[in-house]
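Okay, so here's the structure we're looking at.
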Amino acid sequence: MSDFSKPYTAKEHEDRIYERWMESGYFTPENLPDAKNRKPFTMILPPPNATGTLHIGHAVMLAIQDTLIRFWRMRGRKTLWLPGADHAAIATQEKVEKELYKKEKKTRHDLGREEFLHRVDAFVEESRSTIKTQIRKMGCSLDWTREAFTMDAQRSLAVRTAFVRMYDAGLIYRGHRIVNWDPKLQTTVSDDEIEWMEEKTPFYYLKYGPFTIGTARPETKFGDKYVVMHPDDERYKQYKHGQTIDLEWIGGPITATVIKDRAIDPEFGTGVMTITPWHDTADFDIAERHKLNKEQIIDLQGKLLPIAGAFAGEHVTKARPKIVEKLKEKGLIEKVDENYIHRIAIDSRGGGTIEPQILEQWFISVSAKLWSVSSNEETTLKEMMQRVVENGQITILPKRFEKIYFHWINNLRDWCISRQLWYGHRIPVWYCVACGKNAKNEQDLQKCTRPIVSIEDLTACPHCGGAIRQDPDTLDTWFSSGLWTFSTLGYPEKTNDLEQYHPTDVLETGYDILFFWVARMILMTGFLLGDIPFHTVYLHGLVRDAQGRKMSKSLGNIIDPLTMSEKYGADATRLSLLIGNAPGNDLKMSEDKIRGYRNFANKIWNASRFVITNTEEFSPATTEKINLTLRDKKILADVERLSKEITKDIENFRLYLAAEKTYHYFWHTFADNIIEEAKPRLKGTDTADKTSAERMLYETLITLLKLLHPFMPFVTEAVWEKVPNNKDSLLMVEKWPV
RNA sequence: GGGUCCAUAGCUCAGCGGCAGAGCGUUCGAUUCACAUUCGAAAGGCCGAUGGUUCAAAUCCAUCUGGACCCACCA
């Protein structure tokens, strides 16, 4: 058995070993030895976007999850780790549109909806297979027979079913709301997808009748006919709420109405402002409170409407200087603050500047009353989301994120779920355009005027048989992601999988999508199944470079996990992502660190070779009969203590400690001390002492290989093959040493 | 404005009431040995500051300083 080649070269083993695992079928829980008597352990892989390639953020999640799943598999659980991909509507559509424009100078409108979606599907097909190959390179023991995609037939059925059920329960409604509109991508964007940028802009103090108002956006001021101040502001006490004032404004004389509202900060500027409810969230709220008129100033392309008079049709950014010029001419500018810092909202996915607009959108109400199946009382989605974490049904690790979660829930508003994209789940709502002309009775006629919600595709109005059209919008990506723990298991059918594997045990993901995704899964599962989606949420941090900066293409500091795995092996890459990675904390990563763990893989290889070549005549059956010296017994007891400690650490998600302890013990205790001390004994003439040493070394190595396997599956499996007694067995399904 | 967290060796961090620790890096030395992807050794710390609780504080409490992040968003 001395065919160990001299340094360990990961490349020679990894693909081959992955193939062996695949052939064994053990990634599928039902194929595990004695599967019937195993208790299930489930994790669903957070689906990577179907557009991308694997990056270091994926690698860290894969390393943690594969470690957990391998640990629980060896501990005798019926482990299911289910893979999939997310269609990532906005990101994917944007990518394909860019490609299309670059290659053919066409927009999606040139192709039409159907043809465009064909292109997207082709693109997604290709990326999905790329990322799948890359996930395998990392050694992930995922059940590929259950692979899912958020846009496949089964998941689409789940999405429509969920929509219809929520609609029927009165949770989904349509309404005019102010939303974040991205004029570049021509869609709404959720609050969570916005990034704020600071920009130095002139701040204008404008004369508004007897008042002075401040604004950084004079181009939105055309329609302003309400002037708002704090009710307790002494300076303006002579003006009464509702009082009208005639004054000269940009486009000529207007009549303004005084509004008193507590949202105004008397300290800011002059303590008086005018409002633009159509294009500002705060102004919209004020207008709603006092039932004021709202007027649109800017269209969906970002151009000024006829209300702007001479400036109509001009893009806001181009019109602004001209408008300032006109204000100057009219003597309406009192002063300009040149050093004002203005914050502008950017769509973090596509980069367009957000222009708030009032639009008709679909919403999920988080505060509508509904009947809770599980607690048998009236509740709201918001209360339900809070309760399951509060009462410990769901644990979020690290604990401090529970506080952050509660804080978020407290400020939660209704969730806007419609997007004006083409790629995604089309909203399963139809409108009768035949105006109910064939309706048989008054009841049906009335139904024709309302939205028709259906799980099945409709081709004609079910009430009058007339023509219909489907809502053009698609659903927010997170709507389908929210169903992920159970849509992957067969929902809406009551499948065996759903029965057996849900709720899942652990959801492992980055803290950056706690609100986007984790919270929404809790919401969806709570309503649709009356259950929780998972027992434990484990949140990892961001991977940063050695200087602690975010990795980005422009900084050129990206560490590509695939290049690293190619160079140093997947095991080394994985270990570098686990050690020093405490939950919820960001992790600093450098190539040097990975190189260090490559050396460790080689250490395992070499020390194992030494032990294996010196214990060749052993078989587990005979080792039992060999008497151990006191010292060797003590060593084995130490290893047992270590095993217990490691087990506890992994059970409590302290992978960073478990990995480091095992690493340290293997290298600096086992290799540096135990093996060194055993060398003379192996060459000695005292047979009893010699065999005791052999047994001790053999058993220690076997235990350490098992302890290391979840962290470094390839090298440990490669060594396992070299142990004479193991022949065709796989370390992957060996019993955990406790 | 509201919230969360961090500060310990040059760097990355562990320790979270009982003698200040690890990895990497640095310096010096070794090398027919399973392994130069190696081994041995050394240097390196007022545990951010101040005050308090305690027999005892890096650890608990308060305040401050510096930093990171999240949420809200100010016309």
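Letters go in sequence order (proteins before strands), and every chain restarts at 1. Treat the numbers as computed from the prediction; the structure is a model and nothing was measured.
Taking the six-membered ring for Trp, A:F401 and A:Y405 have ring centres at least 6.0 Å apart. Ring pair A:Y239/A:F211: centre-to-centre distance below 6.0 Å.
Of the nucleotides present, B:rC55 is the one that pairs with B:rG18 by Watson-Crick or G-U wobble criteria, both distances under 3.5 Å. When both pairing distances are held under 3.5 Å, B:rU63 makes a Watson-Crick or G-U pair with B:rA49. For B:rG1, the paired nucleotide is B:rC71, the pair qualifying as Watson-Crick or G-U wobble because both relevant distances are below 3.5 Å. In this structure B:rG25 sits in no base pair that meets the Watson-Crick or G-U test at under 3.5 Å. The partner of B:rU38 is B:rA30, by the rule that a Watson-Crick or G-U pair needs both atom distances under 3.5 Å.
Atom name P, nucleotides B:rU54 and B:rC61: the rounded distance is 16 Å, in whole Å. One P atom belongs to B:rU8, the other to B:rA49, and the distance between them is 10 Å to the nearest Å. Going from the C1' atom of B:rC19 to that of B:rG23 covers 23 Å, rounded to whole Å. Separating the C1' atom of B:rG21 from that of B:rA14 is a span of 7 Å, rounded to the nearest Å. Rounded to whole Å, the C1' atom of B:rG15 lies 10 Å from the corresponding atom of B:rA22. Taking atom C1' on both B:rA20 and B:rC73, the two are 46 Å apart, rounded to the nearest angstrom. To the nearest whole angstrom, the two C1' atoms, one in B:rG45 and one in B:rU37, are 32 Å apart. The same atom, P, is picked in B:rU50 and in B:rC69; the two are 28 Å apart, to the nearest Å.
With rounding to whole Å, A:Y405 atom OH is found 20 Å from B:rC69 atom C1'. Protein atom NZ of A:K588 is 11 Å distant from nucleotide atom P of B:rC69, rounded to whole Å. Residue A:Y656 contributes atom OH, which lies 10 Å from atom C1' of B:rG15 at whole-angstrom precision. Spacing between atom CZ of A:R217 and atom C1' of B:rA75 amounts to 12 Å, rounded to whole angstrom units.
Within the 4.0 angstrom heavy-atom criterion, no nucleotide atom of any strand lies near A:D512. Among the protein residues, A:D265 comes within range of the nucleic acid bases, having at least one heavy atom under 4.0 Å from a base atom. Among the heavy atoms of the strands lying under 4.0 Å from A:E676 is at least one base atom, whether or not backbone atoms are also near. Contacts of A:I264 with the nucleic acid, taken as non-hydrogen atoms under 4.0 Å apart, include base atoms. Within the nucleic acid shown, A:R413 comes within 4.0 Å of sugar-phosphate atoms alone, with no base atom in reach, counting heavy atoms only. In this structure, A:I213 reaches neither bases nor backbone, as no heavy-atom distance under 4.0 Å exists between it and the strands shown. Using a 4.0 Å heavy-atom distance criterion, A:F406 is classed as making no nucleic acid contact. Nucleic acid contact for A:G271: base, since at least one base atom lies under 4.0 Å from a heavy atom of the residue.
Checking A:E717 against A:H709 by side-chain atom types alone, no donor-acceptor pair falls below 3.5 Å. Between the side chains of A:T276 and A:D224, at least one donor N or O lies within less than 3.5 Å of an accepting N or O.
Counting only residues at least two apart or in different chains, salt bridge (Lys or Arg N to Asp or Glu O under 4.0 Å) contacts with residues 659-675 of chain A comprise A:E645-A:K661, A:D649-A:K661. Within the structure, salt bridge (Lys or Arg N to Asp or Glu O under 4.0 Å) contacts touching residues 573-584 of chain A (residues at least two apart or in different chains) are A:D66-A:R574.
For A:I675, taking side-chain heavy atoms from C-beta onward, the closest of the listed nucleotides B:rA34, B:rC71, B:rC24 is B:rA34. Here the side chain of A:K679 is nearest to one of B:rC33, B:rC73, B:rC70, namely B:rC33.
For A:R235, the CZ atom counts as densely surrounded, since its 6.0 Å shell holds more than 12 non-hydrogen atoms of other residues, nucleotides or ligands.
Contact check on A:K207 versus A:E334 returns no salt bridge, with no Lys/Arg side-chain nitrogen under 4.0 Å from an Asp/Glu carboxylate oxygen.
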| Just by protein heavy atoms under 4.0 Å, how would nucleotides 3-10 of chain B read 5' to 3' in B, S and -? | -SS-----

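The side chain to side chain contact (heavy atoms under 4.5 Å, CB included) test with A:S576 singles out one residue from A:R595, A:K593, A:R598, and that residue is A:K593.
Taking 4.0 angstrom as the limit, A:Y204 places none of its side-chain polar atoms (N or O) nearer than this to OP1 or OP2 of B:rA75.
The ring pair (Phe, Tyr, Trp, His ring centres under 6.0 Å) test applied to A:H241 returns A:H290, not counting sequence neighbours. Considering only residues two or more places apart in sequence or on other chains, A:D545 meets the salt bridge (charged side-chain N to carboxylate O under 4.0 Å, His left out) condition with A:R549.
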Listing time: all N or O pairs from protein to nucleotides 37-44 of chain B that are below 3.5 Å?
unit_1	atom_1	unit_2	atom_2	d
B:rU37	O4'	A:N599	OD1	3.2
B:rU37	O2'	A:N602	ND2	2.9
B:rU37	O2	A:R598	NE	3.3
B:rU38	O3'	A:K603	NZ	3.3
B:rC39	OP1	A:K603	NZ	3.3
B:rC39	OP1	A:W667	NE1	2.4
B:rC39	OP1	A:D672	OD1	3.3

